[in-house]
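All chains are named by letter (A, B, ...) in the order of the sequence lines, taking the proteins before the strands, and each is independently numbered beginning at 1. Only this structure's heavy atoms are used, side chains among them; waters, hydrogens and symmetry mates stay out.
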Number of protein chains: 2
Amino acid sequence: MSPMTTMDLLERTIVRSGHRLTTPRRRLLEVMDGLGDRFTADQVLAASPGVGRATVFRTLRLMQELGVVCQVVLDGGGVAYRLGSGGHHHHVVCSECGAVSDFASHDIEDLVAELGRRSGFEIDSHRLELYGRCQRCRATLILD
Amino acid sequence: MSPMTTMDLLERTIVRSGHRLTTPRRRLLEVMDGLGDRFTADQVLAASPGVGRATVFRTLRLMQELGVVCQVVLDGGGVAYRLGSGGHHHHVVCSECGAVSDFASHDIEDLVAELGRRSGFEIDSHRLELYGRCQRCRATLILD
DNA sequence: TTCTATGCAAATGGTTTGCAGTCTA
DNA sequence: TAGACTGCAAACCATTTGCATAGAA
């Protein structure tokens with residue numbers, strides 16, 4: 001039997017959720033899959049001629065609800081999106097090349113709960129994003 | 001001698017920074033000071049008749065640069081602002097009543113650095129916001 | 001008296017909505 | 001065939017910009 005691709009997995013998620021697997025949705029998933037580790041709504045729109053702006057945003061929202069797309073809050077405050085990685089996790093974003101990588105950590109979850117407790121809150125969610133320079137960018141010498 | 005009020009402190013910060021202490025700025029500071037522990041640009045605008053929309057946003061931006069106003073990223077993704085509390089810190093936001101409280105923690109800073117290291121990044125900043133229910137809201141029984 | 005800062009209104013950028021028509025299940 | 005989904009365009013919302021004028025220093 002042929003191996004399950006990312007696309008198969010994504011399409012299955014949609015079907016399983018009771019939503020319809022339409023042509024635009026399939027096309028958008030392919031586009032997102034091809035856009036790399038993070039992309040904006042505009043990038044998706046530009047790369048999907050024939051698909052309407054509203055559909056891009058509606059699909060993006062649906063995918064977030066289904067947990068197959070997540071938001072990345074950028075350094076400057078803007079938002080980008082990212083495919084895959086269901087489940088709770090955080091991002092490290094390279095402020096130079098924009099590379100994003102995921103991480104999850106029990107330590108963070110524990111600490112967050114503890115900090116909430118200290119301030120009298122019962123924490124039920126949180127956002128954490130890290131910004132810095134990735135290994136590759138740090139290794140690149142500035143030669144000019 | 002009379003004690004230094006929050007307003008004095010804020011006004012001094014503006015003057016020290018080389019910017020002018022104008023009437024609209026003074027008015028906006030007063031308004032923000034009166035709006036509680038978090039407010040939106042719209043709230044400030046609505047509470048400052050006679051002051052233009054652009055001035056509200058320009059002032060908000062200046063205050064952020066001076067470090068006397070900071071952004072609070074809300075649960076839903078929107079942004080609010082908050083007076084005071086210079087220096088690096090995080091927020092705990094009550095999703096029921098909107099109350100915000102600040103905290104800073106060496107543990108978080110250390111952990112963030114460590115997590116960055118593990119992913120090969122050199123972290124130079126991060127965002128962390130906690131969401132939950134504050135003590136007061138938790139204590140309030142739902143009676144209907 | 002200079003030049004920063006303002007108010008207004010129009011422009012912007014990103015996202016959402018209304019609706020008549022399309023296409024999946 | 002029903003109704004979920006789409007494209008289009010217009011609406012929306014928050015923030016920014018251009019410009020002539022007002023007002024701190």
Side-chain angles (χ1 to χ4, degrees), chain A residues 7-8 10-32 35 38-66 68-82, chain B residues 7-8 10-32 35 38-66 68-82:
Chain A
M7 280 299 294
D8 292 335
L10 294 172
E11 299 190 346
R12 264 179 213 219
T13 307
I14 292 182
V15 174
R16 258 186 295 139
S17 72
H19 294 267
R20 292 184 182 174
L21 184 51
T22 63
T23 308
R25 283 183 181 161
R26 237 191 301 250
R27 204 170 303 171
L28 289 176
L29 286 178
E30 265 166 29
V31 165
M32 294 181 205
L35 276 176
R38 80 167 218 206
F39 45 82
T40 62
D42 262 354
Q43 286 178 298
V44 175
L45 180 62
S48 316
V51 177
R53 188 194 323 282
T55 302
V56 169
F57 282 100
R58 286 190 275 235
T59 305
L60 235 21
R61 187 145 34 108
L62 174 62
M63 303 309 263
Q64 283 180 77
E65 278 157 23
L66 300 185
V68 298
V69 159
C70 62
Q71 283 194 343
V72 181
V73 178
L74 302 179
D75 209 354
V79 288
Y81 301 89
R82 181 169 168 71
Chain B
M7 280 299 293
D8 292 335
L10 293 172
E11 299 192 345
R12 267 181 210 217
T13 306
I14 292 181
V15 174
R16 259 186 294 138
S17 72
H19 293 268
R20 290 183 182 174
L21 185 52
T22 63
T23 309
R25 283 182 181 162
R26 236 189 301 250
R27 205 169 302 170
L28 289 176
L29 285 177
E30 264 166 29
V31 165
M32 294 182 206
L35 276 175
R38 81 167 218 204
F39 44 82
T40 61
D42 261 353
Q43 285 177 300
V44 175
L45 180 62
S48 316
V51 177
R53 189 195 320 285
T55 302
V56 169
F57 282 100
R58 285 189 276 236
T59 305
L60 234 23
R61 185 144 35 107
L62 174 62
M63 302 312 260
Q64 283 181 76
E65 278 156 24
L66 300 185
V68 298
V69 159
C70 64
Q71 283 194 342
V72 181
V73 178
L74 302 179
D75 209 355
V79 289
Y81 300 89
R82 181 168 168 72

Please indicate whether B:Arg26 has more than 12 foreign heavy atoms, meaning atoms of other residues, nucleotides or ligands, lying under 6.0 Å from its CZ. yes

Just call it for A:Gly78: base, sugar-phosphate, or nothing, with non-hydrogen atoms closer than 4.0 Å on any strand. nothing

CA sep, side-chain torsions, deciding dist, call: B:Ile14, B:Met63, side-chain contact (heavy atoms from CB on, under 4.5 Å): CA-CA 8 Å; B:Ile14 292 181; B:Met63 302 312 260; 4.0 Å; yes

Whole-Å distance, A:Leu74 CG to C:dG13 P, equals 17 Å

N/O (side chain, B:Thr22) to phosphate O (OP1/OP2, C:dT6) under 4.0 Å: yes

B:Arg20 CZ - D:dG23 P separation (whole Å): 13 Å

In this structure, CD of A:Gln64 is separated from CZ of A:Arg82 (nearest 0.5 Å) by 13.5 Å

Any A:His19 side-chain nitrogen or oxygen under 4.0 Å from OP1 or OP2 of D:dA4: no

Take the protein atom CD1 of A:Ile14 and the nucleotide atom P of D:dA4, then report the distance between them rounded to whole Å. 17 Å

Could you tell me how far apart B:Leu62 (CG) and D:dA24 (P) are, to the nearest whole angstrom? 16 Å

A:Gln43 CD to C:dG13 C1': how many Å, rounded? 15 Å

A:Val51 side-chain proximity, nearest of C:dT15, D:dT16, D:dG7: D:dG7

So for A:Arg53 and C:dG14, does any side-chain atom that can act as donor or acceptor lie under 3.5 Å from a complementary atom in the base? no

May I ask you to say what B:Thr23 touches in the nucleic acid, namely base, sugar-phosphate or nothing, with a heavy-atom cut-off under 4.0 Å? sugar-phosphate

For B:Tyr81 and D:dT15, is the shortest distance between a side-chain N/O and OP1 or OP2 below 4.0 Å? yes

So, the side chain of B:Arg25 versus the backbone of B:Arg20: is there a donor-acceptor pair under 3.5 Å, distance only? yes

Map B:Ala54 and B:Asp42 onto DNA chain D by nearest heavy atom, then report which one ends up closer to the 5' terminus. B:Asp42

Expressed in angstrom and rounded to an integer, what is the separation of A:Leu21 atom CG from C:dT22 atom P? 21 Å

Over how many whole Å does the gap from A:Arg58 atom CZ to C:dC19 atom P extend? 13 Å

If only side-chain N and O atoms of B:Arg25 are considered, is one of them under 4.0 Å from the OP1 or OP2 phosphate oxygen of C:dA5? yes

Rounded to the nearest angstrom, tell me the gap between atom CZ in B:Phe57 and atom P in C:dG7. 14 Å

Hey, does the side chain of B:Gln43 reach the backbone of B:Thr40 with a donor-acceptor pair shorter than 3.5 angstrom? yes

